[in-house]
Amino acid sequence: MIFISYRRDDESYFANLLFEALQAAFGIDSVIMDIDSIPLRVDFRVYVAQKIKTARVTIAIIGPKWEVLQELGDSRRIARIMNPNDYVRCEIEMSRDAGIPIIPIYVSRMAGIDAKSLPKSLRFIPFLNGLIVESNAAVKPTFRRLTASLELL
């Protein structure tokens, strides 16, 4: 099973394209991506945790809003990824803790992220070899490379 981690308000279009391409390559039941894959009435936190534990890889889609600031309600602002309850952070931490390989895909001119801007638990991400998608023209070659890589897992 392939788990896709992304922010809905960041790169959802790319995430949906990737979801469909991976389903076409590996089968409909082989890819999970947040709410659309989760049955109704199910506690999504429990469901996601169970799916991550059985995944053979997690794909982390990193776009311009991946580290976006959020208001804390008391005039403070922090990067969302610094919040211990941030869903993306939790998904990646669960994957790491379960020993699941993580492949970062940098989208929309994101060439990488600075380890210092991440919580300690995620500072390994910038050192993972990943993929960079700088334009729409790069989407299909990226999907082919990713699919070929995943077939080896």
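Keep in mind that the numbers below use all heavy atoms, side chains included, and drop hydrogens, waters and symmetry copies. Since the structure is predicted, the reported quantities are computational estimates derived from the model, not experimental observations.
- The minimum heavy-atom distance between Y106 and P126, with the atom names listed, is OH-CA, 4.1 Å.
- With values rounded to the nearest 0.5 angstrom, E91 atom CD is found 11.0 Å from I4 atom CD1.
- The CD1 atom of I103 lies 13.0 Å from the CD1 atom of I125; values are rounded to the nearest 0.5 Å.
- Remark: the backbone N or O of R89 is paired with a side-chain donor or acceptor of D86 at under 3.5 angstrom.
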Run V31 and F3 through side chain to side chain contact (heavy atoms under 4.5 Å, CB included) and show every step you take. CA-CA 6 Å; V31 186; F3 184 83; over 6 Å; no
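- The minimum heavy-atom distance linking M94 with V48 is given by the pair CE-CG1, 4.3 Å.
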Under 3.5 Å, which donor-acceptor pairs do the side chains of residues 144-153 form with other protein atoms, sequence neighbours left out?
from: T147; atom 1: OG1; to: F143; atom 2: O; distance (Å): 2.8

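- In summary, the aromatic rings of F44 and Y87 are positioned with their centroids under 6.0 Å apart.
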CA sep, side-chain torsions, deciding dist, call: I81, R7, side chain to side chain contact (heavy atoms under 4.5 Å, CB included): CA-CA 11 Å; I81 203 72; R7 291 207 184 284; 3.9 Å; yes
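- The two residues M33 and A15 come nearest to each other via the heavy atoms SD-O, 3.6 Å.
- The shortest non-hydrogen separation linking L118 to M82 is C-SD, 3.7 Å.
- Contact check for V107 versus I132: no side-chain heavy atoms found under the 4.5 Å cut-off.
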Please report the C-alpha distance between F26 and I2 in whole Å, then the side-chain angles of each, then the deciding distance to 0.1 Å, and finally whether the side chain to side chain contact (heavy atoms under 4.5 Å, CB included) criterion is met. CA-CA 9 Å; F26 298 103; I2 301 163; 3.7 Å; yes
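- A 4.5 Å side-chain heavy-atom check between I62 and Y6 finds every atom pair outside the cut-off.
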Tabulate below the donor-acceptor pairs under 3.5 Å that side-chain atoms of residues 50-61 make, not counting sequence neighbours, or state none.
from: T54; atom 1: OG1; to: K51; atom 2: O; distance (Å): 3.0
from: T58; atom 1: OG1; to: S95; atom 2: OG; distance (Å): 2.7

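- For R96, the salt bridge (charged side-chain N to carboxylate O under 4.0 Å, His left out) test picks out no residue, with sequence neighbours left out.
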Using side chain to side chain contact (heavy atoms under 4.5 Å, CB included), reason through I92 and S5 one step at a time and then give a plain yes or no. CA-CA 8 Å; I92 295 171; S5 175; 4.2 Å; yes
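- For the atom pair CE (M1) and OG (S30), the distance works out to 9.0 Å, reported to the nearest 0.5 Å.
- For the pair L18/I105, a side-chain contact is recorded, criterion being any heavy-atom separation below 4.5 Å from C-beta on.
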For R45 and D43, what are the C-alpha separation, side-chain angles and deciding distance, and is it a salt bridge (charged side-chain N to carboxylate O under 4.0 Å, His left out)? CA-CA 6 Å; R45 299 166 301 178; D43 184 328; 2.7 Å; yes
